[in-house]
Amino acid sequence: MLKIKNISKQYKDFTLDNFSFSVNSGDYFILLGESGTGKSLLLEIIAGLITPDKGEVFLNNINITFKKIQKRNIGLVFQDYAVFPHLTVKNNIAYALKAKKLKKKTINKKTIEWAEKMNISHLLERQPKTLSGGELQRVALARTLALEPVCLLLDEPLSSLDIHLRKELRYLLRKINNEGITIVHVTHDFEEAIALANKIGIIHNGKIVQEGTPKEVFHNPKSKFVANLSGIKNFYNAKIKSDEIVMLENSIEFKHFSGRTHGSGFVMFHSKDVVVSKNQIDSSMSNNFQGVIVDMIPTKHGVEVIIDIGIIISALITQNSVDKFNLSKDSSVWVGIKALAIKFVENK
Amino acid sequence: MLKIKNISKQYKDFTLDNFSFSVNSGDYFILLGESGTGKSLLLEIIAGLITPDKGEVFLNNINITFKKIQKRNIGLVFQDYAVFPHLTVKNNIAYALKAKKLKKKTINKKTIEWAEKMNISHLLERQPKTLSGGELQRVALARTLALEPVCLLLDEPLSSLDIHLRKELRYLLRKINNEGITIVHVTHDFEEAIALANKIGIIHNGKIVQEGTPKEVFHNPKSKFVANLSGIKNFYNAKIKSDEIVMLENSIEFKHFSGRTHGSGFVMFHSKDVVVSKNQIDSSMSNNFQGVIVDMIPTKHGVEVIIDIGIIISALITQNSVDKFNLSKDSSVWVGIKALAIKFVENK
Amino acid sequence: MKNNYSALNLIFIFLGSIVLLFIVAPLLGMLLNTSPAELIETTKDEEVQKSICLTLTTSFLSTIVFAIAAIPMAYLLARKDFPMKQLVLGIIDLPIVIPHSAAGIAILGFISRDSVIGRIAESVGLNFVGNPAGIAIAMAFVSIPFLLNAARDGFMGVPERLEKAALNLGASPTRVFFTISLPLAWRNIVSGLILMFARGMSEFGAVVIVAYHPMITPVLIYDRFGAFGLKYARPISVVFIIVCLVFFIILRMLAKEKKTQ
Amino acid sequence: MKNNYSALNLIFIFLGSIVLLFIVAPLLGMLLNTSPAELIETTKDEEVQKSICLTLTTSFLSTIVFAIAAIPMAYLLARKDFPMKQLVLGIIDLPIVIPHSAAGIAILGFISRDSVIGRIAESVGLNFVGNPAGIAIAMAFVSIPFLLNAARDGFMGVPERLEKAALNLGASPTRVFFTISLPLAWRNIVSGLILMFARGMSEFGAVVIVAYHPMITPVLIYDRFGAFGLKYARPISVVFIIVCLVFFIILRMLAKEKKTQ
Amino acid sequence: NNGNRNNKELIIFHAGSLSVPFKKIAKEFKKEHPDIYLVLEADGSRKCARKITDLHRDCDVMASADYKVIDNLLISEYADWNIKFASNEMAIVYHSKSRYSSKIDNHNWYEILMNEDVVFGRSDPNYDPCGYRTVLVCKLAEKYYKQVGFTENMLQKDVNYIRPKEVDLIALLECNAIDYIFLYRSVAEQHGLQFIVLPDSINLNNPDFSDFYATVTVDITGKKPGEIITKKGEPMIYGVTILKNAPDNKAAMKFVEFLLSKEKGMAIMEKNGQQSLVPSPTNTYKKIPKDLKQFVIE
Ligand SMILES: Nc1ncnc2c1ncn2[C@@H]1O[C@H](COP(=O)(O)OP(=O)(O)OP(=O)(O)O)[C@@H](O)[C@H]1O
Ligand SMILES: Nc1ncnc2c1ncn2[C@@H]1O[C@H](COP(=O)(O)OP(=O)(O)OP(=O)(O)O)[C@@H](O)[C@H]1O
Ligand SMILES: [Mg+2]
Ligand SMILES: [Mg+2]
């Protein structure tokens with residue numbers, strides 16, 4: 001019911017080009033993309049803050065491209081909050097309600113209700129400039145949610161919030177969505193996408209490069225970019241040379257078991273499938289390379305080791321192994337990957 | 001070498017109370033805390049933007065509590081960027097360098113260098129108001145990093161950045177830290193803390209509640225709050241009744257194997273150790289309870305199921321299991337937890 | 001901030017003191033040349049009282065009435081671009097620079113019995129010449145640029161983004177103007193109103209052509225000076241200045257309160 | 001935005017047009033009563049040329065010179081709190097409201113041969129009375145509040161946070177003032193400078209007491225008016241107004257350019 | 001170099017109504033004495049005096065539209081003597097667009113002025129000599145034309161158009177805000193305006209009618225508010241003096257000599273509608289400088 005059709009917007013050194021997608025009524029659509037790819041721009045075009053150079057926006061089959069902002073009934077939560085600096089938190093939240101000319105009592109009730117939901121009841125009388133980043137973000141959310149629009153646009157609405165609040169608000173957003181409000185949510189956090197969306201769009205270089213359910217997108221990434229977003233760190237352009245050999249990034253040959261004899265596309269494998277050792281490993285693994293450690297990053301599940309073997313690969317190993325082999329930056333190591341762990345995805 | 005001693009600051013409804021901690025030269029110290037706990041406030045006190053009501057700040061054993069801001073040699077990257085709106089990106093980055101009265105050529109070189117590191121070379125001539133959130137954040141970072149201060153304060157410096165850039169910048173920050181610059185970094189993302197810090201401080205209700213290496217803190221959380229931060233969702237107040245029974249939250253009894261017979265403290269167990277089924281499970285698991293599903297959250301590694309069994313617990317199960325048992329919100333289920341999975345931590 | 005006494009601050013305080021002295025010294029000279037007895041006597045002079053009241057009320061009303069049209073105009077000038085905008089901006093500054101008596105004559109042509117406006121007024125029994133309404137028009141003409149410029153600067157300082165955010169929240173443009181733009185530009189507008197009010201009160205050259213009677217205070221002072229000399233003009237000036245000072249302090253405090261509410 | 005023609009906009013455009021008409025009508029009346037031949041002749045009159053030059057330069061210089069002290073003072077007033085601040089703010093508005101001839105008299109007392117300043121000046125062979133320097137002082141006295149208020153509003157609109165950010169980047173307070181506070185308050189300051197400049201140029205009452213000669217344009221107009229009547233005064237007014245208009249447009253355009261650089 | 005005051009600068013304060021002839025005299029004088037730079041400052045006669053007495057402005061020569069201003073305000077503290085040098089007359093001035101301008105003459109003006117749709121202006125009696133002279137003219141007219149109550153009606157009509165200076169009135173007239181003004185004939189001639197020549201009996205010009213003039217009086221405010229001075233009707237006579245502490249007494253003497261010379265200054269005065277009275281009687285004969293004695297009679 002929200003349909004974006006061939007939207008273009010040209011700036012001096014940025015172009016949003018022939019952008020199209022559609023969101024069904026009741027969908028929770030998440031737009032994932034890197035910094036500066038035009039996510040905020042797109043939301044502002046949908047909300048009417050910016051007029052596109054070309055293209056149309058439809059809401060429930062009505063062309064709203066030139067409808068007035070205040071008539072669109074689309075709520076937008078700004079990335080930079082845009083909280084009114086001269087109004088208290090309470091009046092910020094009540095702002096939309098007052099515009100609707102509700103009864104004073106109703107306004108008061110709703111304001112308090114939403115403040116409670118956002119955990120900011122204790123801040124109601126505060127001036128915005130005394131608030132912390134996360135507090136401001138919640139005020140911005142409460143202000144728009146209180147409006148109960150038919151369509152909700154969220155621009156990185158949880159970026160300043162801690163795990164705890166994020167969890168609560170994700171719950172709330174899902175609830176709101178279940179109540180029938182269509183949500184378009186912009187983020188660069190793919191866990192958020194998995195936790196919330198029933199449909200995902202990946203935006204890259206001013207275009208949607210992949211679209212589908214979270215599962216479809218993350219299990220079949222169509223580009224290195226998508227793969228990276230989904231946490232797969234090892235993703236390379238590849239060309240199959242024979243039923244055994246695949247050439248990665250035109251520079252290094254891997255053994256594979258994909259059952260194919262030709263074609264080009266991508267190869268990917270998980271960091272945890274990469275085995276690291278100090279000396280060459282004598283095992284059933286068919287891909288063995290020597291390389292140099294470029295970087296080591298502690299993570300929740302162990303240490304991510306970045307190794308240059310001609311191409312840059314990422315291996316996830318335990319702290320134990322690191323200690324055992326006494327690994328450190330610039331150590332020379334051997335890596336092994338089973339041919340079975342190599343996944344080939346054909347290009348188009 | 002950075003030492004904060006008994007800092008207090010009182011606002012109408014927020015108090016930073018007798019705050020103390022110290023950071024050694026070359027440390028990468030991360031302050032983790034919820035929204036509105038005074039993290040930004042603290043950094044601003046250290047940088048001299050806000051004068052504390054009480055207490056002192058030492059840098060290299062010199063009391064700098066009343067030193068002028070511009071003489072402190074402490075770089076602060078603001079949470080809200082504070083990019084100068086009237087200067088181009090280039091002049092923003094060069095600002096500190098010009099203040100240092102470097103040669104024009106040097107300034108130019110450094111500016112370009114830092115812009116490249118931040119991936120914003122293409123934006124050098126832009127006005128800040130045309131930048132996206134993530135672009136602004138990188139300008140703010142470049143501006144302060146170019147200054148090469150002895151001590152660097154970062155207020156959620158990566159919050160608006162996508163995975164890709166975040167990775168690059170983490171690498172850069174670690175590199176800067178390795179070059180000897182002490183960093184105090186504020187965040188609410190505990191993965192960031194693990195990836196970057198060699199020392200962590202957990203701030204809660206205006207106090208530091210736990211301090212240590214990331215490992216120490218996350219393996220021995222001293223409170224539900226810290227446990228939650230580190231991703232342990234099941235964490236409860238507990239009182240040991242006998243060598244077999246422990247009472248959780250004064251409401252429900254669990255079997256345990258901790259080898260203790262009395263004492264009070266906390267009980268915790270991992271979500272993945274919780275088994276879920278439709279009917280009562282006949283197994284070696286000694287803790288079996290019936291409950292109702294309150295919520296289901298898809299995550300990267302499966303589905304997190306929140307179940308009310310008198311207390312709220314979290315279980316991590318695969319999508320397969322969800323489909324198999326046809327689980328949904330409000331389903332009634334049985335959960336099982338092995339007595340061995342229950343970890344008891346004594347209080348104090 | 002502990003930077004209170006940096007070198008820069010000291011220089012600024014020094015420069016500020018010079019300016020303050022420059023303003024205060026002539027005023028003080030005037031005050032010191034006036035005996036308290038004279039002041040008290042002047043205060044009791046009914047003609048003086050009446051003229052001060054007249055001056056304050058006409059200037060106040062003219063400021064309020066013209067503000068109703070000038071503030072929206074300032075908003076347009078801040079927000080919209082249109083052809084010849086620079087020319088309009090230039091024209092707006094002109095009333096400041098026009099020789100006051102020329103302004104008076106120009107206004108007289110505008111409101112006298114032969115003009116359209118004068119004839120309309122005459123038909124309802126009003127004659128602007130020699131009437132407080134005429135005085136108010138003359139005051140407004142010479143003082144309106146100060147309000148326009150201040151309000152325009154104020155509106156230009158309001159981020160359009162916030163206005164759009166308010167629209168997005170379903171507020172009508174009118175509501176947005178009154179709840180967002182106007183309050184955020186308030187500080188500048190108040191400054192502008194005070195300047196306009198003050199400038200209106202001081203106008204002599206234009207007012208005296210439109211109306212010598214009833215006498216506003218500047219006319220009265222001129223009249224007394226011409227008729228009796230400085231000795232009789234000075235106490236009125238001093239009383240007038242003191243009344244104005246009290247007024248300004250009250251206005252500024254009210255404006256401040258309004259903001260911090 | 002496609003809201004260009006909302007009801008609110010139409011009302012605003014209507015109100016704005018009234019104000020513009022109110023300003024333009026009297027001016028136009030004046031212009032239409034002047035024949036091109038008269039204008040050309042007046043332009044060629046050397047006395048007129050000289051007086052316009054004198055007016056522009058004295059007002060310009062007085063604006064620039066006093067701005068050097070007034071802008072820092074405005075900064076202090078925007079940033080610092082001190083006892084009796086409201087009083088100081090009130091005093092600052094006073095020169096606007098003082099009857100112009102009273103202002104002239106006060107200034108005369110301040111700079112005449114008997115005063116401290118007058119004596120110092122005399123010792124270096126300078127007499128302020130009847131001198132462009134004296135004119136500049138009179139102009140500055142009546143016009144400085146406009147700059148002070150505008151600049152103060154400008155500085156109050158600069159977020160202190162940005163100044164602190166600049167300090168944190170190692171800039172000295174002086175550098176911060178010149179690179180952050182001043183540029184961010186620039187729009188208001190320029191408005192203030194233009195108002196001060198314009199107001200200075202138009203001053204008659206105070207200047208005529210300090211210096212009838214050399215004649216600034218308002219005095220010349222008065223003189224011609226007194227001697228030969230409106231017919232001879234009007235063309236000078238028109239020429240003066242046109243010159244000012246051109247000046248204002250240029251100034252505003254320069255200021256705009258400066259900002260968008 | 002008119003910026004810094006030098007010795008050759010001669011400052012002359014003069015009544016506004018003398019602006020035109022003085023400018024012309026200055027031009028001629030300049031030809032004779034190119035080394036003296038004349039600085040003319042026009043204002044109301046009493047205000048000129050105030051500038052000297054209250055503001056202590058430098059001044060060499062002061063020429064007043066009413067010789068009594070010099071007598072009352074300047075002598076003897078600021079000046080020693082006073083020479084009456086010219087006369088003037090009151091006239092009713094109008095222009096072609098004035099209502100009834102084609103009908104008005106010196107037999108019906110007092111009726112036309114009282115018409116509802118006619119507006120006339122006059123200057124403030126308390127402030128401007130032209131103002132109280134207007135009242136005197138009306139009182140004389142009341143007698144001369146035998147119109148009882150004329151003055152009273154006159155003074156109550158059109159009070160909104162009273163202005164402090166006669167030049168302001170000209171502006172009102174020129175921009176058609178009013179129809180008629182009471183004004184000096186000389187000023188009307190200088191501005192090229194039309195005027196009704198009033199009979200000598202009421203125009204305050206002819207010293208021969210001094211006795212008749214003296215039959216009317218008008219009260220104006222005195223030196224202090226509340227104080228009242230009664231002005232008697234008398235012929236209009238302009239006075240000139242040199243200030244005691246004139247910065248340049250020598251040049252001042254030269255100028256006054258030039259002004260009073262029949263074929264120089266006074267010729268220009270007469271051309272501009274003001275009759276010469278030189279030589280005239282004075283009651284400060286003793287104090288008059290030697291060089292100027294030729295212009296007075298004891
Ligand atoms: N007014 C403008 N003029 C020029 N370029 C602009 C303008 N507004 C936005 N841009 C550019 O358009 C691009 C997209 O901006 P946008 O704010 O939509 O990015 P984003 O995807 O939201 O990024 P982020 O995740 O960092 O917020 C950016 O490169 C930005 O610099
Ligand atoms: N000037 C002030 N007056 C009153 N309260 C203030 C002021 N400044 C900050 N606070 C309060 O102090 C608390 C701490 O603020 P701070 O900005 O340090 O939070 P934070 O830990 O950085 O949170 P976040 O993660 O949301 O940025 C907040 O509750 C805030 O509302
Ligand atoms: Mg964005
Ligand atoms: Mg913060």
Side-chain angles (χ1 to χ4, degrees), chain C residues 3 6 8 12 15-16 18-19 23-27 29-30 69-70 72-73 75-76 86-87 89-100 102 106-107 109-110 146 149 153 156-157 173-174 177 187-188 191 194-195 198-199 201-202 204-205 218 221-222 237 241 244-245 248-249 252-253, chain D residues 3 6 8 12-13 15-16 18-19 23-27 29-30 69-70 72-73 75-76 86-87 89-91 93-102 106-107 109-110 146 149 153 156-157 173-174 177 187-188 191 194-195 198-199 201-202 204-205 218 221 237 241 244-245 248-249 252-253:
Chain C
N3 300 311
S6 72
L8 185 75
F12 277 21
L15 290 173
I18 291 183
V19 175
I23 296 176
V24 168
L27 298 178
M30 199 141 83
M73 182 184 188
Y75 183 73
L76 285 185
Q86 291 302 323
L87 182 67
L89 290 178
I91 288 175
I92 281 172
D93 292 330
L94 282 186
I96 308 175
V97 89
I98 293 179
H100 303 166
I107 291 167
F110 183 62
F146 301 107
N149 276 301
D153 284 341
M156 280 178 75
T174 315
F177 178 75
R187 191 182 53 234
N188 288 268
S191 268
I194 293 179
L195 291 186
R199 179 68 188 81
M201 281 199 291
S202 76
F204 167 74
I221 291 170
Y222 174 85
S237 298
I241 288 169
C244 291
L245 183 61
F248 293 155
I249 293 178
R252 291 237 180 248
M253 287 201 309
Chain D
N3 299 310
S6 72
L8 185 75
F12 278 20
I13 290 172
L15 290 173
I18 290 183
V19 174
I23 296 176
V24 167
L27 297 179
M30 199 141 82
M73 181 182 189
Y75 183 74
L76 286 184
Q86 291 302 323
L87 182 67
L89 289 179
I91 288 175
D93 291 332
L94 281 186
I96 307 175
V97 88
I98 293 178
H100 304 165
S101 40
I107 290 167
F110 182 63
F146 301 107
N149 277 301
D153 285 340
M156 281 178 76
T174 315
F177 177 76
R187 191 182 53 235
N188 288 267
S191 269
I194 293 179
L195 291 186
R199 179 69 188 79
M201 280 199 290
S202 75
F204 166 73
I221 291 170
S237 299
I241 288 169
C244 291
L245 182 61
F248 293 155
I249 293 178
R252 291 233 180 253
M253 287 202 310

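What you see below is based on every heavy atom in this structure, not just the backbone, and it leaves out hydrogens, waters and symmetry mates. Just so it is clear, the structure is predicted and the values come from calculations on it, not from any experiment. By convention in this document, chain letters (A, B, ...) are assigned in the order of the sequence lines, proteins followed by strands, and residues within each chain are numbered from 1.
- Residues C/F248 and D/L94 have side chains in contact (heavy-atom distance under 4.5 Å, counting atoms from C-beta outward).
- Proximity to chain C involves both the backbone and the side chain of D/F12, based on heavy atoms less than 4.5 angstrom apart.
- Contacts between D/I23 and chain C at a heavy-atom distance below 4.5 Å involve backbone atoms as well as side-chain atoms.
- Contact count against chain C (heavy-atom pairs under 4.5 Å) is highest for D/D93 among D/D93, D/I18, D/I91, D/L27.
- Contact record, C/M30 with D/A102: SD-O, 4.1 Å, taken as the closest heavy-atom pair.
- To the nearest 0.5 angstrom, C/Q86 atom CD is 7.5 Å from D/I249 atom CD1.
- The most heavy-atom pairs under 4.5 Å with chain C, out of D/P26, D/P99, D/G16, come from D/P26.
- D/T174 contributes no side-chain N or O that, together with a main-chain N or O of C/L8, makes up a donor-acceptor pair within less than 3.5 Å.
- Atom NE2 in D/H100 sits 6.0 Å away from atom NE2 in C/H100 (nearest 0.5 Å).
- Counting heavy-atom pairs closer than 4.5 Å to chain D, the top-ranked of the candidates C/F110, C/F146, C/Y75 is C/F146.
- Taken from CZ in C/F204 to OH in C/Y222, the straight-line distance is 5.0 Å, to the nearest 0.5 Å.
- The residue among C/I107, C/L245, C/D153, C/I221 with the most heavy atom pairs within less than 4.5 Å of chain D is C/D153.
- Here C/A106 is the residue among C/A106, C/G109, C/G157, C/S237 with the most heavy-atom pairs under 4.5 Å with chain D.
- Counting heavy atoms from C-beta outward, C/L195 and D/N149 have side chains that approach closer than 4.5 Å.
- C/I98 touches chain D through backbone and side chain together, each having a heavy atom under 4.5 Å away.
- Counting heavy-atom pairs under 4.5 Å between each of D/A70, D/C244, D/P218 and chain C puts D/C244 at the top.
- Ranked by heavy-atom pairs under 4.5 Å with chain C, the first of D/L15, D/I194, D/V97 is D/V97.
- For D/L76, the part lying near chain C is the side chain, with the backbone staying farther off; criterion is any non-hydrogen pair under 4.5 Å.
- Interface residue C/L87: backbone and side-chain heavy atoms are both found under 4.5 Å from chain D.
- With respect to chain D, the highest number of heavy-atom pairs below 4.5 Å among C/V19, C/I92, C/L89 belongs to C/V19.
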